[in-house]
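Remarks on the structure that follows.
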Amino acid sequence: MQIMSELRVKIGEIAKRRGFYWKSYEIYGGLGGFYDYGPLGSVLKDNIIQLWKEHFVLKDGLLLIDSPNIGPELMYKASGHAEKFTDYMVKCKKCGHAFRADELLKSCMENPEKLDEKGLWKAIKENNVRCPDCGGELGYPERFHLMFTTQVGLNKKAFLRPETAQGIFINFPILYRLNREKLPMGVAQIGKGFRNEISPRQGLLRLREFNMAEIEFFIDPQADFPLGEEENVILPLLTREGKELKIKAGEAVELGILSSPIAYFMARSLKFLRALGIDENKLRFRQHFKEELAHYSRDTWDCEVLLSQGWVEVIGIADRGDYDLKRHMHYSGRDLTALRRFKEPKRIKIKKLRAKMDVLGPLFKGEAKKIAEIIDNMDYREGDIEIELNGKRVKVPENAYEIVFEEESIGGERFIPHVIEPSFGIDRLIYAVLEHSYYERAERGYKVLKLKPRIAPIKAGVFPLMSKEPLAKVARNIVTLLRNRGVNCYYDDSGSIGRRYARADEIGVPFCITVDHTTLEDSTVTIRERDSMEQTRVKIEELGDKLINLIEGNLKFEEV
RNA sequence: GCGGGUGUAGUCUAGUGGUAGGACGGGGGCUUCCCAAGCCUCUGGCCCGGGUUCGAACCCCGGCACCCGCACCA
């Protein structure tokens with residue numbers, strides 16, 4: 001563990017010195033839980049997001065949306081966050097120290113977390129709870145919100161979103177239509193989330209403003225969910241009961257350990273992490289304990305990665321059931337259901353009532369039309385009917401309506417879709433990638449980030465062997481040539497060639513191009529591969545193609 | 001939020017009541033120089049605020065941040 005926490009320090013040191021990330025607002029003394037991404041970190045983040053989009057949005061055919069960070073209070077009442085994302089605090093009137101109200105009451109009652117503020121206040125008084133620090137009298141419970149509040153316009157209360165998910169749920173009807181009213185439907189959103197953490201520590205791992213990539217996958221709970229080619233992916237699981245197993249996705253579903261959609265997204269996530277360069281031996285899916293589940297969740301599996309601080313959640317795959325759509329339906333009054341189509345439309349014969357206007361007209365005069373409408377919409381019944389009209393009870397005689405047989409064709413039934421939510425913590429992934437990529441060569445504490453070429457912020461360094469003409473000029477031309485091909489590269493002629501390789505290795509540059517004296521004779525340059533430190537010569541005119549193929553993974557270095 | 005620790009150049013660090021020294025890095029230069037080579041040269045620092053003092057990087061108080069533990073947490 002000693003070595004592990006040294007690793008965290010080393011990553012943090014490189015991050016700041018070379019420009020991956022650093023604490024925000026340092027010149028004003030800093031602000032906890034906020035980080036800046038520097039020139040390298042921003043590109044690394046972009047590359048990871050780009051890979052995520054390819055891996056999920058493109059390959060799983062997801063609908064990508066982008067909704068606001070600020071949302072109205074009512075929406076967060078509906079989502080449950082306004083209520084559940086709150087803790088009650090009590091402050092000591094004497095020493096001013098603050099405590100969580102339910103914590104103080106734990107010793108004298110059961111389930112204090114279920115109390116509202118009045119209940120808490122009553123319980124504190126009844127049990128004569130005093131300040132644990134000084135014994136002073138405690139004040140009235142106050143809310144401590146894990147959501148940041150703000151105001152829209154003059155006085156409309158609003159929140160900064162704690163997750164991007166709500167922006168997807170509330171748009172379900174539009175998205176469902178855009179998906180041509182078909183399920184399953186996956187919707188993705190990449191953006192920021194905000195949580196006013198009580199104690200944000202550990203660098204990028206616990207931020208108050210963080211980047212997330214979320215998928216809300218809407219399914220019909222009654223429909224099959226085929227795993228396809230993910231069936232044989234081997235998943236490392238740690239169940240709620242503490243069982244550790246490595247098992248094929250398909251088998252885990254058969255044994256009832258996982259539901260199909262959860263197994264599917266585990267397999268997909270595993271492949272994504274592999275592409276990022278996460279060490280597969282330091283990765284597991286851990287099932288949440290019952291009491292650990294978020295208020296909206298019925299089952300959750302965290303994908304955890306072993307880092308210097310222990311196992312850290314980087315992805316959460318939650319079964320949110322129909323919780324969110326149901327709540328938003330209730331609070332907004334809108335229809336958020338989907339249609340489950342029958343294989344063949346059902347034809348049903350129904351008995352209905354139809355008003356006879358020739359009888360109703362003379363009987364009820366001006367009110368006849370309204371009464372007829374009510375009768376037409378009534379379920380089948382017999383005998384005289386009593387209906388309410390403008391607060392009055394009205395008796396409609398049996399002969400004022402007739403019974404008709406109608407045949408209706410019903411194409412399907414409406415239901416509230418269930419949601420599977422794979423949620424990715426981008427900042428945590430960035431940190432995990434850095435830790436898992438870091439190693440030192442035997443000589444002189446030489447530091448290397450073995451970032452995969454696809455996500456490495458800089459793909460190539462171009463060096464003249466000596467900073468002399470015409471070598472330097474040729475090297476500069478190569479930089480221009482590569483940039484025109486879209487390869488992010490840089491020129492460096494400072495210090496010895498070894499030092500330039502070392503600088504490049506430390507920030508994960510996968511390939512270095514060197515212009516030497518041979519170049520002047522036959523227009524070839526060397527490509528040096530970062531991890532093997534081996535070199536090969538290629539013609540300048542082939543350099544662009546070969547480098548791009550190396551970066552994309554279409555070509556292995558040994559094949560060049 | 002509680003308890004303990006820490007805060008000196010970009011990074012790591014020496015110093016301790018008389019306002020800072022090193023190493024590495026970074027810039028420029030020299031050396032036909034392929035894995036942090038050598039030489040010359042330049043660059044740059046006491047977390048912030050208040051107090052004690054003739055004088056504070058050092059002592060005291062407050063703040064901010066970081067680390068360890070507890071608690072909390074998607």
Side-chain angles (χ1 to χ4, degrees), chain A residues 1 5 8-10 12-19 22-34 38 81 84-85 87 89-92 95-100 102-103 106 132-133 144 146 162-165 193 195-203 205-208 210 212 214 288 292-297 300 302-303 309 312-318 320 421-425 428 441 443-448 463-468 471 492-506 512-518 520 525-526 528-530 532-535:
Chain A
M1 220 49 187
S5 64
R8 175 177 50 223
V9 173
K10 281 174 179 168
E13 192 257 305
I14 292 177
K16 185 172 185 190
R17 186 163 46 78
R18 300 304 307 273
W22 55 79
K23 284 178 290 184
S24 297
Y25 309 115
E26 233 179 12
I27 70 164
Y28 289 112
L31 190 61
F34 298 93
H81 288 92
K84 306 281 175 138
F85 245 56
D87 288 329
M89 308 283 293
V90 283
K91 273 191 186 157
C92 170
C95 69
H97 288 175
F99 306 91
R100 283 190 49 159
D102 52 349
E103 286 295 314
K106 254 186 188 162
D133 287 354
F144 178 82
L146 266 51
E163 55 173 9
T164 69
R195 293 182 192 184
N196 198 4
E197 296 288 346
I198 298 171
S199 138
R201 276 182 229 176
Q202 312 184 78
L205 297 184
R206 171 161 263 101
L207 298 174
R208 288 190 165 120
F210 54 100
M212 58 211 296
E214 293 193 299
H288 275 204
E292 194 182 354
L293 293 171
H295 63 268
Y296 48 72
S297 171
T300 296
D302 281 348
C303 178
Q309 24 264 301
V312 172
E313 176 201 349
V314 292
I315 305 170
I317 304 176
R320 298 179 73 131
E421 177 194 74
S423 172
F424 297 70
R428 289 179 172 190
R441 296 223 170 97
E443 332 86 64
R444 319 188 47 176
Y446 191 112
K447 302 177 177 86
V448 187
F463 315 143
L465 189 57
M466 284 168 292
S467 59
K468 276 221 161 126
L471 295 181
D492 185 2
D493 67 3
S494 162
S496 74
I497 189 73
R499 176 184 304 231
R500 286 174 263 162
Y501 288 143
R503 270 189 207 126
D505 289 345
E506 195 185 38
C512 290
I513 316 298
T514 305
V515 174
D516 57 17
H517 297 100
T518 313
L520 303 177
V525 290
T526 63
R528 172 220 188 235
E529 201 260 346
R530 178 191 60 213
S532 63
M533 303 201 311
E534 278 171 10
Q535 287 181 305

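Residue numbers begin at 1 in each chain, while the letters A, B, ... track the order of the sequences.
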Have a look at [X] and say if it touches a base, only the backbone sugar-phosphate, or nothing, with a 4.0 Å heavy-atom cut-off.
| X | result |
| --- | --- |
| A:R18 | nothing |
| A:E214 | nothing |
| A:E26 | nothing |
| A:E13 | sugar-phosphate |
| A:F34 | nothing |
| A:H288 | sugar-phosphate |
| A:G32 | sugar-phosphate |
| A:S423 | nothing |
| A:D302 | nothing |
| A:S297 | nothing |

Kindly say if [X] contacts the phosphate of [N], meaning a side-chain N or O under 4.0 Å from OP1 or OP2.
| X | N | result |
| --- | --- | --- |
| A:R503 | B:G25 | no |
| A:R499 | B:G25 | yes |
| A:R500 | B:A36 | no |
| A:K468 | B:U31 | yes |

Give a yes or no on whether a salt bridge exists between A:D505 and A:R528, defined as a side-chain N under 4.0 angstrom from a carboxylate O.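 Looking at A:R528 together with A:D505, the answer is yes, because their closest N to O distance falls below 4.0 Å.
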In plain terms, say whether A:R320 and A:E214 are close enough for a salt bridge, that is, a side-chain N and a carboxylate O under 4.0 Å apart.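 The answer is no: the pair does not qualify as a salt bridge.
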Begin from the C-alpha positions of A:H517 and A:M466 and carry the test side-chain contact (heavy atoms from CB on, under 4.5 Å) through to its verdict. CA-CA 9 Å; A:H517 297 100; A:M466 284 168 292; 3.0 Å; yes
Can you tell me the pairing partner of [N] across any strand shown, Watson-Crick or G-U wobble, with both distances under 3.5 angstrom?
| N | result |
| --- | --- |
| B:A36 | none |
| B:A57 | none |
| B:C72 | none |
| B:G21 | B:U13 |
| B:A65 | B:U6 |
| B:G44 | none |

Candidate nucleotides B:C67, B:C35, B:A36, ranked by approach to the side chain of A:A502 - the nearest: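 Ranking B:C67, B:C35, B:A36 by closest atom to the A:A502 side chain puts B:A36 first.
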Of all the nucleotides listed (B:G27, B:U32, B:C68), which has the minimum atom distance to the side chain of A:S494?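 In terms of side-chain proximity for A:S494, the closest of B:G27, B:U32, B:C68 is B:G27.
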Approximate separation, where rounding is to 0.5 Å, of A:Y446 OH and A:E506 CD: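 A:Y446 atom OH to A:E506 atom CD measures 9.5 Å (nearest 0.5 Å).
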For the atom pair OG (A:S494) and CZ (A:R499), what is the distance rounded to the nearest 0.5 Å?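 Interatomic distance, A:S494 OG to A:R499 CZ, rounded to 0.5 Å: 7.0 Å.
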Check the distance between B:C47's P and A:K16's NZ and give it to me in whole angstrom.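 Answer to the nearest Å: 13 Å.
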Is it the case that the side chain of A:R18 and the backbone of A:R503 share a donor-acceptor pair, with hydrogens and angles ignored and the cut-off at 3.5 Å?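 Confirmed, A:R18 side chain pairs with A:R503 backbone.
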Stacking check: are the rings of A:W22 and B:G10 less than 5.5 Å apart at their centres and under 30 degrees in tilt?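 Base of B:G10: not stacked against A:W22.
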